[in-house]
Number of protein chains: 2
Amino acid sequence: MSIQTRRERERAERERLIVTAARELAETEGWDAVTTRRLAAEIEYSQPVLYSHFKGKDAIMAAVALEGFAELAAQLRAARADASGVRAGLAAVGEVYTAFARRRPALYDAMFTHTVALPFATTEAPAVLWECFDELSAAVAPVAAPGDEPGILTETYWAGLHGLVTLMRSGRLPEEAHERRLKLLIGHFAAGAD
Amino acid sequence: MSIQTRRERERAERERLIVTAARELAETEGWDAVTTRRLAAEIEYSQPVLYSHFKGKDAIMAAVALEGFAELAAQLRAARADASGVRAGLAAVGEVYTAFARRRPALYDAMFTHTVALPFATTEAPAVLWECFDELSAAVAPVAAPGDEPGILTETYWAGLHGLVTLMRSGRLPEEAHERRLKLLIGHFAAGAD
DNA sequence: TCATGTTGTCTAGCATCGCTAGGAACATGA
DNA sequence: TCATGTTCCTAGCGATGCTAGACAACATGA
């Protein structure tokens, strides 16, 4: 039994090694540089080892994405805790969200643009994913008008943030005016609050 | 001279053949199905012919994207012409924009998510691209508050629309509630108009 | 201690991708 | 009719994600 557990522990450690190596490589050189050969070399094992842990490259990206969701959820929570007032809370999560996307573009891509393997918006979605959404929701719900559905409103605000960062990241919106755009978005969603 | 012009005409025709074949293939089977080999077979020429017209696959996607911009601009213009009132105009372009993205997902991807080869948000951006933005801008500018910059506000509204369609397309937002989300977005940007 | 069977890992290779070099085939003009 | 110049295709390069099958290491029984 002890041998078995040791092996399982070593396997788990190697799995983490794979995920962190993939993440570091993606963050420093972009996801294009994360090839299975390169990743295998990085962890000092051969390619097939990757496939004994993950179904494929997409699954590795999904694992990296999960790390990202956990971190984003924590940052959103902290931002909301520091903010006093409805409008301040809405602004805080918006700023933290877009700052996260700009600081960790590769991570953000894995979470919100690239992978499709993860279930979203269903009860089967991973917990960390719901934590992120719930944090957003906690900041957005207070600005809902009487007839508004809070969940739908949260999705809409999220879409606004997502649109800002993805269009900026692909060079379609100039970086320089980001703060002003974000301020306008927040302003239009917080109208009448506080 | 006549022979020369005939050749140039034939070349231009073949270039259009490439672009339309790429577009049809992308729209029916997705961009993953648009390989250079497949595309060459479709136009009944060999692969290298593609490279005598375009620098690479990205350039072909960019050419397809330009078609999309022209069509989107026309649809936005028509929608705005039919709408009476500031709020109706804002709603009309929002509906047409998202409907376009949902009806032609491959085209939308080429225009707004995939390619980076096209210059955006600079004076060198192609004319059809500016036409799209100007149509949006014409609908958005009237709802700007006294201190708002119309261009920045347009970008923000555009980002909202873009976020809605991309998150929906990747399965991160359920299709079913799209109309309600769009309505909320429009409502928050049109607050106080009309 | 040694044969055995399982477990784990690696080497080698498949199909496919975007892209390109170099030569064959063709139309053109003398 | 024959050289010339253009156009196009065959063949192949270096990658990619992924996998089959050989091989080595190891725990386990006698």
Side-chain angles (χ1 to χ4, degrees), chain A residues 1-19 21-23 25-26 28-65 106 109-110 113-118, chain B residues 1-19 21-23 25-26 29-65 106 109-110 114-118:
Chain A
M1 180 66 87
S2 167
I3 288 173
Q4 196 71 358
T5 58
R6 191 209 67 206
R7 286 193 168 163
E8 284 173 10
R9 190 179 62 239
E10 286 174 355
R11 249 192 91 78
E13 282 170 9
R14 196 173 58 181
E15 191 156 315
R16 285 224 44 83
L17 190 64
I18 293 171
V19 175
R23 173 175 174 171
L25 206 46
T28 54
E29 304 185 36
W31 280 108
D32 282 351
V34 186
T35 69
T36 55
R37 282 169 179 77
R38 179 81 183 274
L39 193 51
E42 211 74 34
I43 64 169
E44 295 178 313
Y45 281 93
S46 67
Q47 274 180 287
V49 168
L50 301 174
Y51 293 88
S52 75
H53 286 273
F54 299 96
K55 194 179 176 186
K57 189 183 170 180
D58 283 355
I60 297 176
M61 290 185 68
V64 173
D109 274 355
T113 70
H114 212 306
T115 217
V116 189
L118 290 173
Chain B
M1 178 66 88
S2 168
I3 288 174
Q4 196 71 356
T5 58
R6 191 209 67 204
R7 284 192 171 162
E8 283 173 11
R9 191 180 61 238
E10 285 173 355
R11 247 191 93 77
E13 281 169 10
R14 196 172 60 179
E15 190 155 316
R16 285 225 42 84
L17 190 64
I18 293 172
V19 175
R23 174 176 173 170
L25 206 47
E29 304 184 35
W31 280 108
D32 282 350
V34 186
T35 69
T36 55
R37 282 169 179 81
R38 179 79 184 277
L39 193 51
E42 211 75 35
I43 64 169
E44 296 178 311
Y45 281 94
S46 68
Q47 274 181 288
V49 168
L50 301 174
Y51 294 88
S52 74
H53 286 273
F54 298 96
K55 194 179 175 187
K57 188 183 171 180
D58 283 355
I60 298 177
M61 290 187 67
V64 173
D109 275 355
H114 212 305
T115 218
V116 190
L118 290 173

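In the text below, chain A, chain B and the rest are named by the order of the sequence lines, each starting its count at 1. These numbers come from the heavy atoms of this one structure, side chains and all, not from hydrogens, waters or symmetry mates.
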Lys57(A) NZ to Thr36(A) OG1 distance, which is reported to the nearest 0.5 Å: 8.0 Å

Nucleotide nearest Pro48(B) (side chain, heavy atoms from C-beta), chosen from dC19(C), dC9(D), dG13(C): dC9(D)

Val19(B) and Phe54(B), any side-chain heavy atoms less than 4.5 Å apart: yes

Sugar-phosphate, base or nothing in reach of Arg38(B), heavy atoms under 4.0 Å: nothing

Spacing of Tyr51(B) atom OH relative to dC13(D) atom C1', expressed in whole Å: 13 Å

Rounded distance in Å - CG (Leu50(B)) to C1' (dC19(C)): 11 Å

Euclidean distance, atom CD of residue Gln47(B) to atom P of dT10(D) [Å, nearest integer]: 11 Å

Residue pair Arg14(A) / Val49(A), side-chain heavy-atom distance below 4.5 Å: yes

Opposite nucleotide pairing with dT7(C), Watson-Crick or G-U, both atom distances under 3.5 Å: dA24(D)

Between dT16(D) (C1') and Ile60(A) (CD1): distance, integer Å: 14 Å

Touch class at under 4.0 angstrom, heavy-atom based, for Ser46(B) against every strand present: base

Separation of atom CG in Leu39(B) from atom P in dC17(C), rounded to whole Å: 12 Å

Under 4.0 angstrom between Arg14(B) side-chain N/O and dC8(D) OP1 or OP2: yes

Nucleotide of dT16(D), dA20(D), dC13(D) approaching Arg37(B) most closely (side-chain heavy atoms): dC13(D)

Whole angstrom value for the distance that separates C1' of dT9(C) from CD of Glu15(A): 17 Å

Side-chain N,O (Thr36(A)) to OP1/OP2 (dG17(D)) below 4.0 Å: yes

Nearest-angstrom distance from the residue atom CZ of Arg11(B) to C1' of dC8(D): 11 Å

Tyr45(B), nearest nucleotide to its side chain (from dG18(C), dT9(C), dC9(D)): dC9(D)

Which nucleotide in dT9(C), dC17(C), dG17(D) has an atom nearest any side-chain atom of Thr35(B): dC17(C)

Watson-Crick or G-U wobble mate for dA30(D), both contacts under 3.5 Å: dT1(C)

Nearest-angstrom distance from the residue atom NZ of Lys57(A) to C1' of dC17(C): 13 Å

Any Leu25(A) side-chain heavy atom under 4.5 Å of Trp31(A) side chain: no

Donor-acceptor contact below 3.5 Å, side chain Lys55(B) vs main chain Ile60(B): no

